[in-house]
Amino acid sequence: MSAPAAWREHADRDGWARALARQLEAELRHGLDSAGRATLVACGGSTPDPVYAALARANLHWRRVSVLPSDERWVPATSPHSNAALLARNFGATGAQLISLHTRDADPFDAAAELCTRAAAALPFDAALLGMGPDGHTLSWFAGARGLKTALRGADAADSALVAAIHAGESPVAAPVPLRVTLTFAALMQTRRIFIAITGSEKRAVALRALEQSAAPESSARTAGREQTALPICALLCQRRVPVELHWAA
């Protein structure tokens with residue numbers, strides 16, 4: 001059992017990015033040293049860009065490192081909304097193996113089984129860098145979304161999957177691409193360490209509220225098992241299987 005999620009504040013975003021990059025590098029190096037390979041789960045969006053830029057400069061055996069998106073909008077890699085494109089810009093020159101969470105299927109619900117196989121080939125995950133939206137979502141776990149129940153299914157459930165398709169048509173945060181795929185709670189529970197990158201005062205308030213809720217008695221089973229939850233990030237904060245650190249800078 002790991003300790004409750006830890007909160008880390010940084011004086012500025014430069015120090016925040018360097019600190020996260022150092023910790024991700026350490027986890028990847030541990031995987032390389034112990035298993036000869038390592039996997040990074042990496043979120044999209046603009047927030048982690050400086051972290052990835054710093055990490056890509058690390059002296060690692062990158063050809064033995066796999067980089068897997070934490071989630072993906074259902075768009076081709078040429079789209080400006082593609083997380084795969086963002087990761088390619090940051091890690092393509094390193095020689096790391098970039099794993100796609102996209103297929104040619106028109107509907108991500110038709111592709112989930114194939115994508116589960118891709119994710120399984122990258123297990124175990126050495127580190128995950130995730131983000132959080134102002135609505136309390138992480139990965140593509142949007143409150144009220146179709147597919148959220150599958151995404152949050154307990155890691156020990158017989159029918160738990162590594163990847164879930166999501167339709168978040170009711171979420172303004174998910175616009176303009178409500179169709180997505182995401183790693184699941186069960187997948188994240190096969191990670192050695194999870195880091196959540198947060199910036200700005202609005203997200204700070206949401207994250208601290210989620211930490212407070214996750215500390216409530218019996219909140220883990222109640223939060224992770226419900227299809228609809230106000231703050232989906234609580235599913236990660238409530239569990240005690242994998243260490244979680246939230247890193248914030250203004």
Side-chain angles (χ1 to χ4, degrees), residues 13-14 16-17 20-21 24 39-57 62 65-112 114-115 118-119 122 127-148 151 163-184 187-188 195-200 202-203 206 232-233 247 249:
R13 292 198 188 186
D14 286 342
W16 167 88
L20 278 165
L24 293 172
T39 298
L40 170 67
V41 171
C43 65
S46 58
T47 298
D49 256 347
V51 180
Y52 295 151
L55 178 59
R57 294 192 292 269
W62 282 104
V65 175
S66 297
V67 180
L68 175 69
S70 62
D71 58 322
E72 183 61 276
R73 299 172 182 88
W74 205 245
V75 294
T78 54
S79 168
H81 299 297
S82 169
N83 287 342
L86 173 114
L87 297 179
R89 288 195 300 272
N90 281 283
F91 296 108
T94 66
Q97 179 184 357
L98 304 179
I99 302 173
S100 171
L101 281 184
H102 190 268
T103 71
R104 294 183 178 180
D105 294 276
D107 190 323
F109 288 87
D110 296 330
E114 178 181 336
L115 296 178
R118 293 186 193 179
L129 180 66
L130 307 178
M132 188 202 72
D135 59 344
H137 85 271
T138 188
L139 298 96
S140 282
W141 301 352
F142 293 95
R146 176 186 170 201
L148 183 62
V163 177
I166 293 287
H167 191 299
E170 301 301 316
S171 171
V173 180
V177 188
L179 276 176
R180 302 175 177 225
V181 291
T182 184
L183 294 182
T184 63
L188 269 293
F195 302 92
I196 301 175
I198 302 169
T199 57
E202 181 183 14
K203 290 185 180 181
V206 174
I233 196 172
H247 287 253

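In what follows, every heavy atom counts, from backbone to side chain, and hydrogens, waters and symmetry copies are set aside.
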K.L.:
Given side chains that start at C-beta, do those of Leu179 and Phe109 come closer than 4.5 Å, heavy atoms only?
P.N.:
yes
K.L.:
How long is the span from the CG atom in Leu101 to the CG atom in Asn83, to the nearest 0.5 Å?
P.N.:
9.0 Å
K.L.:
For Thr47 and Lys203, what are the C-alpha separation, side-chain angles and deciding distance, and is it a side chain to side chain contact (heavy atoms under 4.5 Å, CB included)?
P.N.:
CA-CA 12 Å; Thr47 298; Lys203 290 185 180 181; 4.1 Å; yes
K.L.:
Check the pair Val206 / Ile233 against side chain to side chain contact (heavy atoms under 4.5 Å, CB included), numbers first and verdict last.
P.N.:
CA-CA 10 Å; Val206 174; Ile233 196 172; 5.9 Å; no
K.L.:
Closest approach of Val181 and Pro108, non-hydrogen atoms and distance?
P.N.:
CG1-CB, 3.5 Å
K.L.:
Is Glu170 atom CD crowded by more than 12 heavy atoms from other residues, nucleotides or ligands, each under 6.0 Å away?
P.N.:
no
K.L.:
Of all the heavy-atom pairs spanning Asp105 and Ala111, show the shortest one and how long it is.
P.N.:
OD2-CB, 3.6 Å
K.L.:
Could you tell me the separation between the CE atom of Met132 and the CD1 atom of Ile198, rounded to the nearest 0.5 Å?
P.N.:
4.5 Å
K.L.:
What distance do Arg89 atom CZ and Tyr52 atom OH have between them, rounded to the nearest 0.5 Å?
P.N.:
11.5 Å
K.L.:
Given the rule in the side chain to side chain contact (heavy atoms under 4.5 Å, CB included) test, do Val51 and Trp16 qualify, once you have shown the distances and angles that lead to the verdict?
P.N.:
CA-CA 8 Å; Val51 180; Trp16 167 88; 3.9 Å; yes
K.L.:
Measuring from atom CG of Leu148 to atom NE2 of His137, what distance do you get when rounded to the nearest 0.5 angstrom?
P.N.:
11.5 Å
K.L.:
For Val65 and Thr94, what are the C-alpha separation, side-chain angles and deciding distance, and is it a side chain to side chain contact (heavy atoms under 4.5 Å, CB included)?
P.N.:
CA-CA 9 Å; Val65 175; Thr94 66; over 6 Å; no
K.L.:
At their closest point, which heavy atom of Leu98 faces which heavy atom of Gly92, and how far apart are they?
P.N.:
CD1-CA, 4.2 Å
K.L.:
Would you say Arg73's side chain and His81's backbone share a donor-acceptor pair under 3.5 angstrom?
P.N.:
yes
K.L.:
CD1 of Ile99 to OG1 of Thr39: how many Å apart, nearest 0.5 Å?
P.N.:
6.0 Å
K.L.:
Locate the shortest heavy-atom distance separating Leu183 from Trp141; write the atom from each residue and the value.
P.N.:
O-NE1, 3.1 Å
K.L.:
For residues Leu86 and Asp49, determine if any side-chain heavy atom of one lies less than 4.5 Å from a side-chain heavy atom of the other.
P.N.:
yes
K.L.:
Minimum heavy-atom separation for Arg118 and Ser100, please, with both atom names.
P.N.:
NH1-O, 3.0 Å
K.L.:
Might you point out which heavy atoms bring Asp71 and Arg180 nearest each other, and give the distance in Å?
P.N.:
OD2-NH1, 4.3 Å
K.L.:
For the atom pair CG (Leu130) and SG (Cys43), what is the distance rounded to the nearest 0.5 Å?
P.N.:
6.0 Å
